[in-house]
Structures are given as structure tokens and as C-alpha cells.
Amino acid sequence: MPELPEVEAVRRGVEERLVGKILTEVRVREPRLRRPVPPLAPWIGRRLLRVERRGKYLLWRFAEGTLLVHLGMSGRLAFVAPDVPPGRHDHVDFLFEGSLLRYTDPRRFGFIAPLDADAERAMEARLGLEPWDERLTPAWARAKVRGRRRAVKEVLLFGDVVAGAGNIYACEALFLAGIHPGRPAETLDEDDWARLLAALRALFEAAIAAGGTTLRDHRTVAGEAGAYRGRLAVYGREGEPCPRCATPVRRVVQGGRSTFFCPVCQPPERTAW
DNA sequence: CTTTACACCTGACTGC
DNA sequence: TGCAGTCAGGTGTAAA
């Protein structure tokens, strides 16, 4: 589910209500997430200083230590009234001085883990730059993928150039930039990267403003669906007319995942297949 | 180094 | 209705 805009919508909502508050209680009903939920008792009594986002990861910065939260494919965080009984997939409750933040995750692909300095360094080494990082220039991106013949769409998903794009926004950004998803990453010149980076930034900004894209699971922490879905140009629209040229949108499979694109607005040139 | 395969889970949908 | 098969917004590991 959640890509950068959805995680950012959750980050803002959590920060708004919980910064400065103390974690007073944790209830773990189902510890079997993608990684087992660690003992959280030591975190009780700690004050939450701020909530950061890095790619699709949430970093809960406490006065002592950091908790890393990832929502996986179907994870949600939502504020609920303290007397609402938990449902089948409501795995963890966090109580902060009367506010109940509930973690729900039907597929259990998400995780909650302490993040020490070493683990954070390892994460930083693996992860690409934030879309708005000043170091993320067309020249930097081009150098980063030198020698990689892998398709640009798969490189976007891997997230080691730009962090935060998943399947929806990778497809949408390539459409906005007019770049064929199958082009080997190393064939993009600086002009291509300039358009692609600009497209990603504009797309993420618009999607964040709309509260993200809800296909199925995503909700803001207030429980509202994200409104960006209706603005998707190609994702999930196989056979429908391209909004720019009316050519039917095509679907192909790359790395086992669906890719949607317009064969006219995103001309093939040199493709990976 | 790169690429591929697969594993982790449940639920929604399609076709028979 | 039911049942089997397919697909889904994401990592992370192992093997080739």
C-alpha cells in the first residue's frame, strides 16, 4: 500500500497529535509481523520528540532511542477512541497519555523495530536520496546508475536513487516524464533525469496534498481515504485512453510486477525487452 | 557486482 | 454458491 505520500500523510498526522507526549502503554496482540515485534516495555515512559520519514520508513524519535515503523503493503496507523474493541488485524496499540494509536495490518508485511546508530547507518547506505534533497541532481542520478542495464522502472522501485517511489508512483512519474518504463536506466541522459526528477517531485507534492492514494487499505490517521486515486493517469488503467493522447494504456510485467504506460507518450527508444 | 526467484501473509476478485 | 486460481500499494534473503 503505502508509498512516500501515504507514509508522509501518516507521519504528519502522528506528529501533530503525539509530539511531546509520553508513551504510557503498549499492547501487542500479534507479534508475528514481517519481523517479530520486539519487547516494547522498555519504551514505556519515554517522550516522543518528533516523527521523521525516510523513504517509506517512519522514524519515531524518542528522548531515548528511535523506533522504526514500516507499514509494508497493508499496514495502517489510526487514532481510535480508547474504548473501541480491536479487530482481527489490529495487532498493536500504542497509548500516549490518553491517545490511542492503533497499528492494523492484514497481510502482516510491516514491522516495528528499534533503530540503533549502526542500523540507521546501514539503512542510509542502502537508501536513495529524498526527492527534495539538494544533492539529488540529474548528474548525480545519472552517475548513480552508470553501468546498470536494469529497466528504469525497476531502478525506481529499488529506491537506491530516489527513495519512496513504489509501483503506483513509479508508473505515474515515468508517464509524466514521457519515459518508457523498460528503458535501461543507464540510457537516460541528464535531460531525461531532469524531467523524471521534476515529475517525481511534482507528483509526490500533489499526492501528499491529497492525503495519498487509496486503492484499498490506505487511510490517514484520522481514518480518511486519500484522494489522489482519481488523478492517476495510467496506474490500474489498462485499456483505458491515455489522458494525454487517448491511446489505450498498456500493461506489462517487469520484475514480477505490473507496469502501466502509454506506448505513444512514452516512446520505446531502447528498451530492456 | 547484477539479476532472478522466492518468501513472508490475507483478502478481493475472476472464472468455472 | 462454492472452489481454485490470480493478483495486490513492499521489503529482504539466497542463489545463480
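In what follows, chains carry the letters A, B, and so on, assigned in the order in which the sequence lines appear, proteins first and then strands, with residues in each chain numbered from 1.
Dense packing is recorded around CZ of A/F62, with more than 12 heavy atoms of other residues, nucleotides or ligands lying under 6.0 Å away. Heavy atoms from other residues, nucleotides or ligands lying under 6.0 Å from CD of A/E134 number 12 at most.
Electrostatic pairing of A/R183 and A/D192 counts as a salt bridge here, judged by a charged N lying under 4.0 Å from a carboxylate O. By the 4.0 Å N-to-carboxylate-O rule, A/D160 lies close enough to A/R148 to be salt-bridged with it.
The residue A/Y169 sits apart from the nucleic acid: no heavy atom pair falls under 4.0 Å. At the heavy-atom level, A/R229 lies nowhere under 4.0 Å from the strands shown. Nucleic acid contact for A/R32: none, since no nucleic acid atom lies under 4.0 Å from a heavy atom of the residue. As judged by a 4.0 angstrom heavy-atom cut-off over every strand, A/Y57 is placed among residues touching the sugar-phosphate backbone only.
Stacking of A/R35 on the aromatic ring of A/F111 is recorded, both the 6.0 Å distance cut-off and the 45° axial limit being met.
In this structure, B/dC9 forms no base pair with any nucleotide, since neither Watson-Crick nor G-U wobble geometry is met with both distances under 3.5 Å. Pairing for C/dG9 is absent, judged as Watson-Crick or G-U wobble with the two contacts each under 3.5 Å.
Put simply, CD on A/Q254 is 17 Å from C1' on C/dA8, counting in whole angstrom units. Regarding A/D105, its CG atom lies at a distance of 18 Å from the P atom of C/dA8, rounded to whole Å.
Minimum atom distance to the side chain of A/S258 is reached by C/dA8, of the listed B/dG11, C/dG10, C/dA8. The side chain of A/R34 lies closest to C/dG10, out of B/dT2, C/dG9, C/dG10. You'll find that the side chain of A/R251 is closest to C/dA8, out of C/dA8, B/dT10, C/dG9. Side-chain atoms of A/R107 lie closest to C/dA8 of the nucleotides C/dA8, B/dG11, C/dG9.
When the P atom is compared between C/dC7 and B/dC6, the two are found 14 Å apart, to the nearest whole Å. C/dT6 and B/dA7 are spaced 15 Å apart, taking the P atom of each and rounding to whole Å.
Remark: ring of A/F109 does not overlap the six-membered base ring of C/dT11 in a stacked fashion, as centroids less than 5.5 Å apart with planes less than 30° apart are not both met.
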